[in-house]
Trainee: 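This structure is in structure tokens; I'll ask about it shortly.
First the proteins, then the strands, lettered A, B, ... as listed; each starts at 1. Predicted model, so just to flag it, every value in this text is computed and none were measured.
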There are 2 protein chains.
Amino acid sequence: MASLPVLNQPPRRSGALLDNLARRMRLHAESVLEPLGLRPRHLVALTVLRDRDGSTQQALASTLMMDRATVVGLLNDLEADALIERRRSPEDRRRHIVQLTDRGARRLAKAEFALAAVEDEVLSALDTGQRATLYELLLLAASGTAQECGPAAIASDSPC
Amino acid sequence: MASLPVLNQPPRRSGALLDNLARRMRLHAESVLEPLGLRPRHLVALTVLRDRDGSTQQALASTLMMDRATVVGLLNDLEADALIERRRSPEDRRRHIVQLTDRGARRLAKAEFALAAVEDEVLSALDTGQRATLYELLLLAASGTAQECGPAAIASDSPC
DNA sequence: TATTGTTATACTCTATAACTATA
DNA sequence: TATAGTTATAGAGTATAACAATA
């Protein structure tokens with residue numbers, strides 16, 4: 001009978017690799033984003049807001065898997081630079097509707113253009129096709145799940 | 001003449017997606033790793049040490065893209081739990097050779113086994129084949145480049 | 001009473017710089 | 001003089017809890 005070598009290997013997970021690669025990308029990106037007055041977490045937020053025009057802060061926090069309070073500070077930065085706008089929801093005046101401004105969209109496009117060099121360097125071991133595949137898988141994984149769970153919900157095993 | 005729609009799209013980058021997905025994975029992983037006395041960054045270090053048996057702290061810092069000083073604290077945690085060992089290099093007594101202990105290897109395997117559920121949840125939008133592809137691409141990207149650059153080196157544009 | 005956004009505070013992770021020892 | 005590891009300190013990023021406005 002043939003051996004089953006796969007069973008003898010530890011079950012290697014993507015988590016640690018994902019952590020490591022994200023860190024490399026973030027460190028390289030920081031210096032590129034600095035002249036644009038942005039930090040990596042700002043870019044993540046802007047990217048989400050582009051795809052989802054008009055989000056409440058709460059919904060944004062869920063998508064980013066950050067606390068509401070953390071998002072407040074993040075949006076303050078972006079609003080101070082007029083990259084996003086907050087307006088009260090007419091239906092529910094407790095809510096703020098957050099929207100990317102034209103200026104914000106332009107800044108984001110500029111940042112993504114500048115980040116091409118960073119991606120080239122960090123993903124230098126991947127060819128063009130592999131990079132495209134990676135992007136598609138990341139997009140599918142990130143948007144497909146749509147986990148509306150914050151850290152607290154995860155820890156408490158709530159269904160969310 | 002046919003239009004070139006691709007040119008009209010902003011050049012979307014993987015960086016933000018990578019950040020977001022890594023964050024989701026990390027948040028979920030934390031609660032699973034807690035009973036094992038580990039944190040996500042410990043797992044990243046253990047994973048590297050398994051593949052590269054006998055590394056100096058400096059080399060480990062380069063791979064993890066962390067400062068040497070940060071690695072010291074990280075290894076202190078792991079050594080206190082006897083998951084890694086430090087011994088002086090005979091050739092150069094300034095160096096510490098870091099090695100995964102048997103106990104450390106067992107703990108890592110245990111953690112990776114426990115993290116299967118986390119990966120199932122965070123990558124629920126991906127089927128088995130897609131997850132395997134993602135793992136392979138991440139592994140290739142992370143190990144292929146072998147960027148021996150720390151944050152300082154990146155910022156200063158040194159060749160490293 | 002529950003929810004949205006906000007503020008104030010504390011904690012974790014990390015980088016920077018100064019120190020020791022070896023080279 | 002340069003390098004490996006360590007220590008001490010400061011900064012960024014985040015979560016938690018308490019608060020105000022609204023539902």
Side-chain angles (χ1 to χ4, degrees), chain A residues 19-20 22-24 26-27 29-31 33-34 38-45 55-62 64-79 84-98 148-156 160, chain B residues 19-20 22-24 26-27 29-31 33-34 38-45 54-62 64-80 84-98 148-156 160:
Chain A
D19 240 34
N20 194 300
R23 160 180 279 270
R24 293 186 188 191
R26 191 165 1 98
L27 284 170
E30 269 168 4
S31 51
L33 293 176
E34 195 186 14
L38 294 173
R39 293 195 162 275
R41 68 180 181 295
H42 295 138
L43 205 76
V44 178
S55 168
T56 64
Q57 297 188 192
Q58 177 74 309
L60 186 59
S62 292
L64 297 178
M65 292 201 90
M66 286 180 177
D67 194 88
R68 299 176 311 208
T70 308
V71 171
V72 171
L74 210 168
L75 292 179
N76 286 348
D77 296 341
L78 296 174
E79 194 176 38
I84 61 111
E85 272 178 356
R86 281 191 260 223
R87 57 178 179 80
R88 286 278 167 201
S89 166
E91 294 94 21
D92 186 340
R93 287 188 50 72
R94 290 173 301 184
R95 292 178 172 166
H96 271 160
I97 307 294
V98 183
E148 299 298 330
C149 300
I154 293 167
S156 65
C160 39
Chain B
D19 240 34
N20 194 301
R23 160 179 278 272
R24 293 186 188 191
R26 192 165 0 97
L27 283 171
E30 268 169 5
S31 51
L33 293 176
E34 196 185 13
L38 294 174
R39 293 195 161 276
R41 68 183 168 327
H42 295 138
L43 205 76
V44 179
S55 168
T56 63
Q57 298 187 190
Q58 177 73 316
L60 186 59
S62 292
L64 296 177
M65 293 203 89
M66 286 180 175
D67 194 89
R68 298 175 311 204
T70 307
V71 171
V72 171
L74 210 167
L75 292 179
N76 287 347
D77 296 341
L78 296 174
E79 193 176 39
I84 61 109
E85 273 178 356
R86 281 192 259 223
R87 58 181 178 77
R88 286 279 167 200
S89 165
E91 294 93 21
D92 186 340
R93 288 187 48 73
R94 291 172 302 184
R95 293 179 172 166
H96 272 161
I97 306 296
V98 183
E148 300 298 330
C149 301
I154 293 168
S156 65
C160 39

Trainee: Send over the distance from B/Leu60 CG to D/dT3 C1', rounded to a whole Å.
Mentor: 17 Å

Trainee: If you draw a 6.0 Å radius around CZ in B/Arg93, do more than 12 non-hydrogen atoms from other residues or ligands fall strictly inside?
Mentor: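 12 or below, so no.
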
Trainee: Donor-acceptor pair, distance only, cut-off 3.5 Å: does the side chain of A/Arg23 make one with the backbone of B/Met65?
Mentor: yes

Trainee: Would one find more than 12 heavy atoms of other residues, nucleotides or ligands at under 6.0 Å from atom CD of B/Glu30?
Mentor: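 More than 12 within 6.0 Å, yes.
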
Trainee: Tell me the interatomic distance from B/Met66, atom CE, to D/dG5, atom P, rounded to whole angstroms.
Mentor: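 Going from B/Met66 (CE) to D/dG5 (P), I get 16 Å.
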
Trainee: Report the distance from atom CG of A/Leu74 to atom P of D/dA12, rounded to the nearest whole Å.
Mentor: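 So the CG-P distance, A/Leu74 to D/dA12, works out to 15 Å.
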
Trainee: Closer than 4.0 Å, any side-chain N/O of A/Arg41 to the OP1 or OP2 of D/dT14?
Mentor: yes

Trainee: Grab the two heavy atoms, one from B/Met66 and one from B/Val71, that are nearest each other, plus how far apart they are.
Mentor: CB-CG2, 4.1 Å

Trainee: Quick check on C/dA15: is either OP1 or OP2 less than 4.0 Å from any side-chain nitrogen or oxygen of A/Arg23?
Mentor: yes

Trainee: How close or far is atom C1' of D/dG13 from atom CG of B/Leu27, stated in whole angstroms?
Mentor: 12 Å

Trainee: Expressed as a whole number of angstroms, how long is the span from A/Leu75:CG to C/dT6:P?
Mentor: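 Distance check: A/Leu75 CG to C/dT6 P gives 8 Å.
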
Trainee: What nitrogen or oxygen pairs link the protein and nucleotides 3-5 of chain C at under 3.5 Å?
Mentor:
residue: C/dT3; atom: O4'; partner: A/Arg94; partner atom: NH1; Å: 3.3
residue: C/dT3; atom: O2; partner: A/Arg94; partner atom: NH1; Å: 3.1
residue: C/dT4; atom: OP2; partner: A/Gln58; partner atom: NE2; Å: 3.1
residue: C/dG5; atom: OP1; partner: A/Gln57; partner atom: N; Å: 3.2
residue: C/dG5; atom: OP1; partner: A/His96; partner atom: N; Å: 2.9
residue: C/dG5; atom: OP1; partner: A/His96; partner atom: O; Å: 3.2
residue: C/dG5; atom: OP2; partner: A/Gln58; partner atom: N; Å: 2.8
residue: C/dG5; atom: O3'; partner: A/His96; partner atom: ND1; Å: 3.2

Trainee: For B/Glu85, look at atom CD and say whether over 12 heavy atoms of other residues, nucleotides or ligands are found less than 6.0 Å away.
Mentor: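 No, CD of B/Glu85 has 12 or fewer neighbouring heavy atoms, counting only those of other groups under 6.0 Å.
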
Trainee: Measure CG/B/Asn76 against C1'/D/dG5 and give the value in whole Å, please.
Mentor: 11 Å

Trainee: Would you say D/dG13 has OP1 or OP2 under 4.0 Å from some side-chain N or O of A/Thr70?
Mentor: no

Trainee: Any side-chain to backbone donor/acceptor pair from A/Arg88 onto A/Arg94? Under 3.5 Å, distance only.
Mentor: yes

Trainee: Atom CD of B/Glu30 and atom P of D/dT14: how far apart are they, to the nearest Å?
Mentor: 12 Å

Trainee: Check for a donor-acceptor pair, side chain of B/Arg68 on one end and backbone N or O of B/Gln58 on the other, with a separation under 3.5 Å.
Mentor: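 Between the backbone of B/Gln58 and the side chain of B/Arg68 there is no qualifying donor-acceptor contact (under 3.5 Å).
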
Trainee: Whole angstroms only, please: what is the CZ-C1' distance between B/Arg26 and C/dT14?
Mentor: 13 Å

